[in-house]
Amino acid sequence: MRLKCLGGFGEQGRSALLVEGKSCFLVDYGVKKTVGEGILGELPLEDFPELDFIVVTHAHQDHTAMLPLLVEKGINVPIYATPPTKEFTITYCESWHKSYESHGLVPPYDKQSIYELEKLFVTKPYFQEFEAGKGTLITFFPSGHLVGSAIVHIKDEKTIAHFGDINFNDAINPEPYLDFDAEIGIINGSYGDKIMPKELLEKKFIENVTSGRFNVLIPSAALGRGQVVCLLLLENLSKIDKEIYISKSIIENTKRVLKYPHYIKPEAIGMLNKLVDSPYFKIIDESKLNDLVEKGAIFIAPDAMLSSGPALKIFNLLKDKPQNKIILSGFLAPGTLGRKLTEGKVSINAVLSLSELKVHTDLADNEFIINKTLSNAKLILIHHGEEPKSTNLANKLREKFNLDIRSPHFGDAIII
């Protein structure tokens with residue numbers, strides 16, 4: 001069996017893995033969100049033979065945004081995913097296409113290819129094994145990261161567990177299902193060998209939000225992080241003395257998530273309905289931003305990396321005054337304004353705070369996964385982590401478990 005790292009190994013972004021066994025197939029095909037002169041995103045490799053099918057772990061752009069490019073190149077094979085992943089993949093691809101236009105760049109694929117992509121999706125629920133092609137059997141299990149996100153369990157020449165993006169104790173998504181084993185594991189290296197204590201991080205985040213600054217901007221994705229941030233604020237309203245303004249897209253996506261009650265935690269349904277109906281969250285009217293900033297408020301808006309969108313407009317209104325605060329809460333891609341701010345390449349007068357919220361697996365989580373499902377694995381690969389985080393994680397886990405645990409890089413091929 002041959003595995004080819006087409007993207008997302010030794011880096012965070014453009015996740016894409018080619019598997020050649022009984023069948024030849026891709027797991028994910030996303031974009032690396034880098035921003036530079038004339039550049040918006042780096043693409044995975046196209047180094048693969050004729051495919052039998054594609055399988056998608058979840059909808060985020062770093063796992064899906066280049067799927068329309070494959071369609072445009074004439075690849076017409078089934079794309080397997082859960083029902084929420086299908087819906088939100090199309091939305092994310094449309095958004096990525098629009099972002100090229102907003103930067104004055106030519107998109108890498110025509111918009112029509114997104115609609116052609118939608119026709120190729122074959123949706124499957126969690127826990128239902130199905131034959132994808134040439135005797136390859138696949139099952140989707142909950143991964144706890146995003147509505148519909150999946151651990152992909154593959155039975156081919158060898159058994160593979162591709163964990164995609166996985167998270168424990170998420171407020172919205174069901175706990176990862178780990179009652180299986182596999183000979184090959186692909187696990188998440190976003191945090192390297194760090195421990196990310198969820199409750200402590202959330203406590204510090206709320207302290208940051210309620211620090212007394214006049215305006216607070218929290219750039220957040222409209223699906224996922226946006227809902228998590230809003231739910232945290234809902235739980236801590238007694239500590240908040242400002243009006244809260246959020247992008248309409250956060251509410252719209254919350255309503256769409258609620259269409260899939262079987263893919264979220266039962267207790268999350270009430271919380272998300274409360275978010276939709278809450279009088280404490282007011283929708284941002286971009287035509288009145290100057291007036292809102294003059295009064296002082298908390299703003300939650302995309303995009304999370306300050307590349308574009310309403311968050312960037314609000315940032316430009318807040319950045320020059322020291323009584324304001326910008327809170328960045330997640331991964332920031334190279335070249336984005338958010339990354340430049342944290343690297344000190346762009347200076348502002350407003351207070352800048354990096355206050356992460358946990359959305360992936362940390363060292364302790366990965367140790368638990370190996371103990372539970374991969375203790376007899378022949379090979380474990382680290383993906384979805386920038387260097388040196390990936391190598392640090394591989395070294396730490398190899399030292400503890402005495403297994404073949406590697407941190408391959410972009411373009412590497414592994415035969416097992």
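Along the sequence shown, the residues carry numbers beginning at 1. Keep in mind the model is a prediction, meaning the values are calculated, not measured.
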Could you give the side-chain donor-acceptor pairs of residues 267-282 under 3.5 Å, partners two or more places apart or in another chain?
unit_1	atom_1	unit_2	atom_2	d
Asn273	ND2	Ile269	O	3.1
Ser278	OG	Tyr280	N	3.1

Please check this pair: side chain of Ser23 against backbone of Gly133, looking for a donor-acceptor N/O pair closer than 3.5 Å.
yes
Presence of salt bridge, Glu46 and Lys73, under 4.0 angstrom:
yes
Backbone N/O of Leu40 and side chain of Tyr100: donor-acceptor pair under 3.5 Å:
yes
Could you tell me the separation between the OG1 atom of Thr159 and the NE2 atom of His153, rounded to the nearest 0.5 Å?
5.0 Å
Enter the distance from Leu6:CG to Leu45:CG here, rounded to the nearest 0.5 Å.
5.5 Å
Think Lys124 forms a cation-pi with Phe130, using NZ or CZ under 6.0 Å from the six-ring centre and within 45 degrees of its axis?
yes
Pairs of donor and acceptor atoms involving the side chains of residues 343-351, under 3.5 Å and at least two apart or interchain, shall be tabulated with distances.
unit_1	atom_1	unit_2	atom_2	d
Glu343	OE1	Lys345	NZ	3.2
Glu343	OE2	Arg339	NE	3.0
Asn349	ND2	Asp320	O	3.1

Taking atom NE2 of His262 as the centre, does the number of heavy atoms from other residues, nucleotides or ligands within less than 6.0 Å exceed 12?
no
Between Asp365 and Lys372, is the closest basic N to carboxylate O distance under 4.0 Å?
no
Could you check whether any side-chain heavy atom of Leu393 comes within less than 4.5 Å of a side-chain heavy atom of Tyr191, counting everything from C-beta outward?
no
Is Asp52 paired with Lys134 through a side-chain N to carboxylate O contact shorter than 4.0 Å?
yes
Decide yes or no for Ile151 and Tyr177: does some side-chain heavy atom of the first lie under 4.5 Å from some side-chain heavy atom of the second?
no
For the pair His97 (side chain) and Tyr109 (backbone), establish whether a donor and an acceptor sit closer than 3.5 Å, ignoring hydrogens and angles.
yes
What I'd like to find out is whether the side chain of Ile298 reaches to under 4.5 Å of the side chain of Tyr245, using heavy atoms alone.
no
Between CZ on residue Phe53 and CD1 on residue Ile138, distance to nearest 0.5 Å:
4.0 Å
Could you list the donor-acceptor pairs under 3.5 angstrom formed by side chains in residues 230-237, with sequence neighbours left out?
unit_1	atom_1	unit_2	atom_2	d
Asn236	OD1	Lys239	NZ	3.3
Asn236	ND2	Leu232	O	2.8

What do the steps show when you test Lys198 against Glu202 for salt bridge (Lys or Arg N to Asp or Glu O under 4.0 Å), and what is the final call?
CA-CA 6 Å; Lys198 180 177 181 290; Glu202 291 178 354; 2.8 Å; yes
For the CD1 atom of Ile405 and the CG atom of Leu397, what is their distance to the nearest 0.5 Å?
5.0 Å
Could you check whether Asp412 pairs with Lys4 (Lys NZ or Arg NE/NH1/NH2 to Asp/Glu carboxylate O, under 4.0 Å)?
no
Are the side chains of Leu352 and Ile327 in touch, meaning some heavy atoms are under 4.5 Å apart?
no
For a quick test of reading the model, state the closest non-hydrogen atom pair linking Leu328 to Gly338 and the distance between them.
CD1-O, 3.8 Å
Mind running side-chain contact (heavy atoms from CB on, under 4.5 Å) on Phe163 and Asn366 for me, showing each step along the way?
CA-CA 10 Å; Phe163 288 85; Asn366 281 315; over 6 Å; no
Are there over 12 heavy-atom neighbours, none belonging to Lys396, within less than 6.0 Å of that residue's NZ?
no
Let me see the working for Lys389 and Ser190 under side chain to side chain donor-acceptor pair (under 3.5 Å), right down to the final yes or no.
CA-CA 7 Å; Lys389 292 177 182 178; Ser190 296; over 6 Å; no
Evaluate the side chain to side chain donor-acceptor pair (under 3.5 Å) criterion for residues Lys325 and Asn208: first the C-alpha distance (whole Å), next the side-chain angles of each, then the deciding distance (0.1 Å), finally the verdict.
CA-CA 9 Å; Lys325 176 179 274 191; Asn208 246 321; 2.8 Å; yes
When you measure from the centre of the six-membered ring of Tyr29, is the NZ or CZ of Arg14 closer than 6.0 Å and no more than 45° off the axis?
no
Output the distance between atom OG1 (Thr85) and atom OH (Tyr260), rounded to the nearest 0.5 Å.
9.0 Å
Are Phe180 and Phe141 close enough that their ring centers fall under 6.0 Å?
yes
With ring centroids as reference points, do Phe140 and Phe127 lie under 6.0 angstrom apart?
no
Per the salt bridge (Lys or Arg N to Asp or Glu O under 4.0 Å) rule, what does the pair list look like for residues 81-108, sequence neighbours excluded?
Glu87-Arg256, Glu87-Lys259
Could you go step by step and tell me if Phe121 and Tyr80 meet the ring pair (Phe, Tyr, Trp, His ring centres under 6.0 Å) rule?
CA-CA 6 Å; Phe121 271 94; Tyr80 295 100; 9.6 Å; no
Residues passing the side-chain hydrogen bond (donor to acceptor under 3.5 Å, both in side chains) test with Glu129, sequence neighbours excluded, are Lys155
Trp96 vs Thr64, side-chain contact (heavy atoms from CB on, under 4.5 Å): CA-CA, chis, key distance, verdict:
CA-CA 10 Å; Trp96 188 248; Thr64 64; over 6 Å; no
Does a side-chain heavy-atom distance below 4.5 Å link Ser329 with Glu356?
no
From CA spacing to verdict: side chain to side chain donor-acceptor pair (under 3.5 Å), His384, Asp62
CA-CA 9 Å; His384 203 275; Asp62 55 330; 3.0 Å; yes
Asn188 side chain vs Thr361 backbone, donor-acceptor pair below 3.5 Å
no
State whether the side chain of Arg225 and the backbone N or O of Ser220 hold a donor-acceptor pair below 3.5 Å, judged by distance alone.
no
Check whether the side chains of Glu11 and His409 place a donor and an acceptor atom closer than 3.5 Å, and report yes or no.
no
Kindly say whether Lys288 contributes a backbone atom to a donor-acceptor pair with the side chain of Asp291 at under 3.5 angstrom?
no
Pairs of donor and acceptor atoms involving the side chains of residues 304-316, under 3.5 Å and at least two apart or interchain, shall be tabulated with distances.
unit_1	atom_1	unit_2	atom_2	d
Lys313	NZ	Glu286	OE1	2.6
Asn316	ND2	Leu312	O	3.2

To the closest 0.5 Å, what do you measure between OG (Ser407) and CZ (Phe9)?
9.5 Å
When you measure from the side chain of Thr82 to the backbone of Pro125, do you find a donor-acceptor pair of N or O atoms at a distance under 3.5 Å?
no
Asn167 (side chain) donor-acceptor with Asp170 (main chain) under 3.5 angstrom:
no
Hey, is Glu116 close enough to Lys119 for a salt bridge, meaning N to O under 4.0 Å?
yes
Taking atom NZ of Lys321 as the centre, report whether more than 12 heavy atoms of other residues, nucleotides or ligands fall under 6.0 Å from it.
no
Does some side-chain heavy atom of Glu42 sit less than 4.5 Å from a side-chain heavy atom of Lys33?
no
Could you verify whether a donor N or O on one side chain and an acceptor N or O on the other, from Thr373 and Asp181, lie under 3.5 Å apart?
no
Between Gln61 (side chain only) and Tyr92 (backbone N and O only), is there a donor and an acceptor less than 3.5 Å apart?
yes
pair Val147-Ile264: side-chain heavy atoms closer than 4.5 Å:
yes
Using a 3.5 Å distance criterion without hydrogens, assess whether the side chain of Glu72 forms a donor-acceptor pair with backbone atoms of Asp110.
yes
Do the side chains of Ser143 and His58 get nearer than 4.5 Å, heavy atoms only?
no
